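Keep in mind the model is a prediction, meaning the values are calculated, not measured. Side chains included, hydrogens not; waters and symmetry mates left out as well; all remaining heavy atoms used. Reminder, nothing fancy here: chain letters follow the sequence lines and each chain counts from 1.
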Amino acid sequence: GKKEEKKAAKAVAPPIKIGVAGAHSGDLASYGIPTVKATELVVKKKNAAGGINGRQIEVLVQDDACKPEFATNAATKLIDDGANVVIGHICSGATKAALSIYKDGKIVTMSPSATNPPLTQSGDYPNFFRTIASDDAQARMEVDFALNTLKLKKIAIIHDKGDYGKGLAEFAREFLGQEKGAEVVLFEGVTPGGLDYSAIVKKIQENGADGVIFGGYHPEASKIVTAMKKKDINIPFISDDGVKDETFIKVAGEYAEGVYATGPKDTSKNPLTIQAIEEHKKAYNEDPGAFFLNAYSAALALVNAIEKSGSTDYDKIVAALRTEPVDTPLGSIKFDAKGDAIGVGFSVYQVQNGAYVEVQ
Amino acid sequence: MMERLLDVKSLTMDFGGLRAVDQVNLDVCQGEIVALIGPNGAGKTTFFNCITGIYAPSDGEISVIPPGKKPIRINGFKPHKITQAGMARTFQNIRLFPNMTVLENVMLGRHCRTTSKILGAILRGSHTRREEEETVDFSYHLLEKMGLEKYANEFAKNLPYGAQRRLEIARAMATEPFLLLLDEPAAGMNPQETKELDDLITKIKNEEGISILLIEHDMKLVMNISDRIFVMEYGREIAKGTPLEIRENPKVIEAYLGEEVHA
Amino acid sequence: MLKVNNIQTYYGNIQALKGITLDIGEGEIITLIGANGAGKTTTLMSICGVVPPKQGEIFFRGTPIHNMTTEKIVALGICQVPEGRHIFPGLTVKENLEMGAYLRTDHHGIKTDLEYVLDLFPILAQRRHQQGGTLSGGEQQMLAISRALMAKPRLLLLDEPSLGLAPLIIQQIFEIIRKINSEQKTTIFLVEQNANLALKVAHRGYVMENGTITLADSAANLLDNEDVKKAYLGL
Amino acid sequence: MHIFEEIKKSTITAVWFVFLTFPIMVIRVNTIHKTIEWRWDNMIMVAVGSFALSFVWRYFMEHRQAPKPEAMGRGVPWIQNARQAIKHPVFFYSAIALLTVFAVIFPFIFSRYQVNIMTTALIYVMLGLGLNIVVGLAGLLDLGYVAFYAVGAYSYALLHLHYGLNFWICLPLGAGLAALFGIILGFPVLRLRGDYLAIVTLGFGEIIRLVLENWNEFSKGPSGIAEIPRPPIPGVELSLSESSVFLYFLVIILTLFTVFVVNRLRNSRIGRAWIALREDEIACQAMGVNKTATKLTAFALGATWAGMAGVIFAAKTTFINPASFTFLESAIILSIVVLGGMGSIVGVIASALILILLPEYLRAFSEYRMLLFGAVLVIMMVFRPQGLVSTVRQTYQFKGLKKDKEVG
Amino acid sequence: MTSSFFAEKEIYNGLLLSRTIILQELINFLMDYFLELLLGGLTKGSIYALIALGYTMVYGIIELINFAHGEIYMIGAFTALIAASILNMLGLGQITILILASILAIIYSSAYGFTMEKIAYKPLRHSPRLSPLISAIGMSIFFQNYVLLAQTSDFLPFPSLLPEFEFLQPYRHIIRSPEIFILFTTVVVMVLLTVLIKFTKVGKAMRATAQDRKMAMLVGVDVNKIISMTFVIGSSTAAIGGVLIASFIGQINFYIGFIAGIKAFTAAVLGGIGSIPGAVVGSLILGCTESFATGYVLSDYEDVFAFGLLVLILIFRPAGILGKSSSEKV
Ligand SMILES: Nc1ncnc2c1ncn2[C@@H]1O[C@H](COP(=O)(O)OP(=O)(O)OP(=O)(O)O)[C@@H](O)[C@H]1O
Ligand SMILES: Nc1ncnc2c1ncn2[C@@H]1O[C@H](COP(=O)(O)OP(=O)(O)OP(=O)(O)O)[C@@H](O)[C@H]1O
Ligand SMILES: [Mg+2]
Ligand SMILES: [Mg+2]
């Protein structure tokens, strides 16, 4: 009797729905798909352990191809389908387009990868959170590192024309302009997906740069680094989170040696990280892709907030996100009033002997 | 002396090294049917293309003189300007608008004689409506004259060959030319149909007052209807005159006619 | 040689041939005359498999060809000079002629034949390296006929070969027809508007009206036939 | 015997596809980890799938409306039997009435998501009809149509950002600016033929996008422009869902306006000149049509509609960045026109609804969505090569010069 | 920090010498820059060319802008990667792997090209001209997502299969053997294709088919076979491109075909679509334009320059650089 009742109650309790939105098709799919996988891993584990407060979790996946118009459709669709919280979107542009809809629907949204500063800093989107540092924070760190540690004087800033890479590059230029003792000798964008970057590399050399700051993702970075090394241009190459990715090292191989990249504090020894990557390997038989840990952390943070607040109420979740720290692969994090993660320390890494090593 | 309508002086056309038309002089007067004949590749079609603006001639002077108006030098004019000036043509290889109806083909000929613009087309004011009605009216009557009215709403491409030829003539006439250029109108017609064409062309001349310049290989037709004949060979003019004169001209017989017609 | 047995051919839903029966003996010149739109071109296209008949049979030297693809039919030795010339506009005159000999492998023979046709039409020899598409109408017609001659077919189908040609050349074309028929024993099936000339050169003739054959007789008899005279000879 | 033949054919197909998909479907290498995975189950799936599908494919191939063999020189007559039925007034008007009622109550019976995607689809109807003028009527293959769409969207965004102009002013302004761009592009390129024109327009589309991406000072670059206001009603505050309903009706009205205009243009002096130019440029000029001017009007008019759609698009998403204006977008709009049946209004509307709503409804298949979309494009083209609706030209009757219109 | 070999250093040294030498050095230096940009441009151009050749062939015969051609190239690269990985495990030598992987890539790309033609284009032979274009766009989307789903969305490193020649080592900052290899292959493929099309019987049949399909049938050409063959040849060049380019760049994913395809198509049109040498010339010009635009102006706008050049050239030569403007006889 009693047992059955309990079962029934469990079955009746409606599931908690987590929406996952991002690019799952098109050229940027590789940045969106890992997020889906991360969320699914977290949710599977949680469900196996009995769900959140006895409620199972359901994942709703929506593709936006990183396009604003699809993003708004995906957002309305998620709201229609009853999503309680959303992980996404992947690109800053799509995120911006979708946010006002989530805001209107009172849905907490947490992006693992949208780095555009105004998303949090403008204060327009109180429902927005992210587990990645904003462009300006990373740019600040890169610039400081370039000036203070590497003592560079003439810096070439290269970007991939995307909202992430270019945004970051713009900040780097701004910060360098404020500092004395260094100048930006080159500020240019390369065509993403280009077949050959030897011309821009040659130009870097031509302008006498003694260091490069690159804003963008690893495919372009590895092509540029390779071209530089092949032309014997051995100047420091500093990049961002989009490059601090195992794939970069594998693709660029020996040419990756010596490249700097900023990223969340060394998490590779964090047991949660090791565990998350193991889970991924087991489930998908391959290494996780870009922003996987950020997404994994976002999922953990949201699950935690719902669990701690004991409800799916918007205000309660927001409060819990701000007050309840949660252990994630990125460290123990909670969120500040604007929505940026506190506790995600950032450091500078360098590729040494085929692995990223924290240098600062 | 009849009024001149078309006056071509030493027209020359080169294609790379090939001189297709070489210093040809030709004129057409009011109320005349003039024929242009000559062996294959003599440059007749090229001559037409030059005076209708499809090719820009290498050298020479082309003027048209609309009846009662001043001469217009049309060298280098775009084709539509020339048509507007009053000279319309047909093509050796039929060039209709295959996926438009027969009536619409003719209505297109009215394009340069009508004026309604985009806004008119959208708002369809009284002017546009009237103009449209007139266009339909005019075109339909033209089809009747050419004996094509039963095909009015057929697609042009589905017409029998002879009807297509006549439709091309009708379309050209819709532009209200004073001079009509016909390039081998009888090609592909059997003797019976050629006879009908003969009557039609004469009718156009007499009833519509349109003068005609035609290229044709059917000597029966040419000799029957033309007032004057120009003969070309290798781009040059080798003879001109009345049908009788041409028929007897040994140069023409040797180059073009052969013995049969003579006999 | 060729037996056409009650074929019916459609364009979409429109029936162009309503049961055509013909036969052509080895070494004959047969002509098919009829008004515009009677279905002459369609008959030729059906024989070549371009517009395959929906019903009926066609045999070429005993082989059924009504279900074959065009290139297989052509390989059996049937060749057509189509209505509208269909010169390959971007190929030079010489290349056009070589395409005519596409299925032949005797290089030597091709070469002599090339010389032969260029001899027949000196203007083509002059234009040898000009692109086919820029030739004058009559030149194209000559090229189309020459191209067919290059194939050395057993059966030559000619669709209005005199179209657009100067009187002198027309005479020459008909001479050639007679010549290849008598010298090379090529069988010829001739569709012509110029019925007068056609009937003079042919052995037998068919008259076609609205997709059916209305008359079949020897050429001489047809020339004398009053109806034919009135309808097709313009007398 | 017959069945045996069929099975043999399908077996061959299956074997071929197993061979074809072997490296991609069965083996998966990861050069990062130097692992190789063999997925034999996929092979079985391919074998079974292609075996079964080949039956379906052949069945439909045999039953599809065989492309009419076109004999040399002349075309095929158009047979339109079904059209007669549709033309019947009772049927026609009741269908119209039903549609109207449906359109009006639509936002009130369906969710906001449905309303939103319907709005998007209608925007594409406008785009399709606009491009239809250029491609379908005038026969100019434009692969960079999205450029004008971008011009419209950015006009609104930037004019609002810098000058605070509101939606209602920007709507005509955006359309006008796009038309201007159409003319600017048109002048140099209109003498190009066919596919050369296509690639230049493609290039033009890319240039516009690249400029928007690179010229931060002007367009805010890749990070885009946010907070673009939705269309306001003066004096009324709209909630988000109210304003999406309002937008929906606005787009319905504009779509009707588009249909009206395109229909009128098509059966006018200008429309005939466009079609004639498409059919035979040389003959058309020789009949007294000014080629340049006529083509330019087609280009400019087509662009106008793209511009208008762009303004609405910006107002709908409230955020725009250059990522929305890629070549793929042009390709999809072109697909709408071709799939609809070139020059046909009803066809374009139908195919816009299909092609835009389809990926949305395919969301249920998540990752297979785009795969299916690609396949659907191919299949629809293969089975309806002439488009959903083939155009019929207007016919006229002459008894008392009364016109009998027929709209395709 | 290893400081680079700075060009300035040379100039600085020059200061110690006479002014004329400075000038000389400066000129050398500028020439050096120019030369390197040029070589970079040529390399990039020949990369485009390998894909553009297939585009042009297919266009030449059925007047279809085969948007899925880039995807065939991508599939070629993936096949080569898969083959190379397996062969590598078997412990074969680099050259052997290169050859075997290329052969497999060619076989599979051709098979895909062949099948694609049969499914998506052949049923559309008698359709309006734009229908196959849409079908091609559909194919392109399909193939991208097919590889995305069956393989991965990530970039995968591609082993560098191309041999390094010892004797080029001293000049390696200017040009390296992979680049020479690519340039060389492009030229060889171009010459072979030109000979095939211009001078062989098959080539003539291809051109005839392109110009008048029905007439080609009437002179005995098996049109279906010729078209299939064109697709097979075009796809093979794409596969060769796939192997060479991927091992030059070092990474591939499912999207590389689309980007390269658009550029290659542009190049083919620039050179005069349908013309084999045109495709190569157009590609080289495009590659150099991009290189110089980056080197001397601004790389942000390199594509703007590329397309701008396209527009300019087409305005003055409406049928591309080597394309024959087929003046229609009226
Ligand atoms: N665009 C062109 N390029 C090169 N040569 C040309 C071109 N157009 C015509 N020709 C050549 O110019 C000559 C004259 O051609 P045209 O068409 O004027 O002859 P025609 O007198 O009309 O002959 P036909 O009676 O056979 O039609 C021909 O030899 C032809 O080959
Ligand atoms: N492609 C086509 N589509 C539809 N109907 C066609 C097509 N081609 C020909 N027809 C029709 O078929 C009938 C026979 O045409 P065909 O061309 O065989 O006649 P023909 O005797 O060769 O006439 P001509 O003397 O004009 O060459 C005609 O009524 C014609 O309108
Ligand atoms: Mg002529
Ligand atoms: Mg005929």
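Surrounding CZ of B:Phe230 are more than 12 heavy atoms belonging to other residues, nucleotides or ligands, all under 6.0 Å away. Within 6.0 Å of NZ in B:Lys81 there are 12 or fewer heavy atoms belonging to other residues, nucleotides or ligands. Within 6.0 Å of the CZ atom in D:Phe187, the count of heavy atoms belonging to other residues, nucleotides or ligands does not exceed 12.
B:Thr115 touches chain D through its backbone: at least one of N, CA, C or O sits under 4.5 Å from a heavy atom, while the side chain does not. Of the atoms belonging to B:Leu96, it is backbone heavy atoms, and not side-chain ones, that fall under 4.5 Å from chain D. Only the side chain of B:Glu131 comes within contact range of chain D, judged by heavy atoms closer than 4.5 Å.
Contact check on D:Glu281 versus B:Arg95 returns no salt bridge, with no Lys/Arg side-chain nitrogen under 4.0 Å from an Asp/Glu carboxylate oxygen.
Note that CG of D:Asp280 is 11.5 Å distant from CG of B:Asn99, once rounded to the nearest 0.5 Å. Taking CG of D:Asn263 as the start and CD1 of B:Ile122 as the end, the distance is 11.5 Å to the nearest 0.5 Å.
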Q.
Under the criterion side chain to side chain contact (heavy atoms under 4.5 Å, CB included), I'd like the reasoning laid out for D:Asn290 against B:Lys78: C-alpha separation, chi angles, the key distance, then a yes or no.
A. CA-CA 8 Å; D:Asn290 183 343; B:Lys78 291 251 177 66; 5.9 Å; no
(Q) For D:Lys291 and B:His80: C-alpha separation, side-chain torsions, deciding distance, then whether side chain to side chain contact (heavy atoms under 4.5 Å, CB included) applies. (A) CA-CA 8 Å; D:Lys291 179 177 101 176; B:His80 69 270; 5.9 Å; no
Q. Passes side chain to side chain contact (heavy atoms under 4.5 Å, CB included), D:Leu301 versus B:Ile118? Steps please.
A. CA-CA 9 Å; D:Leu301 271 174; B:Ile118 300 176; 4.0 Å; yes
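For B:Glu104 (side chain) and D:Arg272 (main-chain N/O), no donor-acceptor pair under 3.5 Å exists by modelled atom type. Distance alone, capped at 3.5 Å, places no donor-acceptor pair between the B:Thr175 side chain and the D:Met287 backbone.
For the residue pair D:Arg269/B:Ser116, the side-chain donor-acceptor check at 3.5 Å is not satisfied.
Of the listed residues (D:Val289, D:Leu265, D:Ile270), the one with the most heavy-atom contacts under 4.5 Å to chain B is D:Val289. Between chain D and the residues B:Ala88, B:Pro98, B:Gly109, the largest count of heavy-atom pairs under 4.5 Å involves B:Pro98.
The nearest pair of heavy atoms linking B:Phe91 to D:Ala286 is CZ-CB, 3.7 Å.
For the pair B:Leu108/D:Cys284, a side-chain contact is recorded, criterion being any heavy-atom separation below 4.5 Å from C-beta on.
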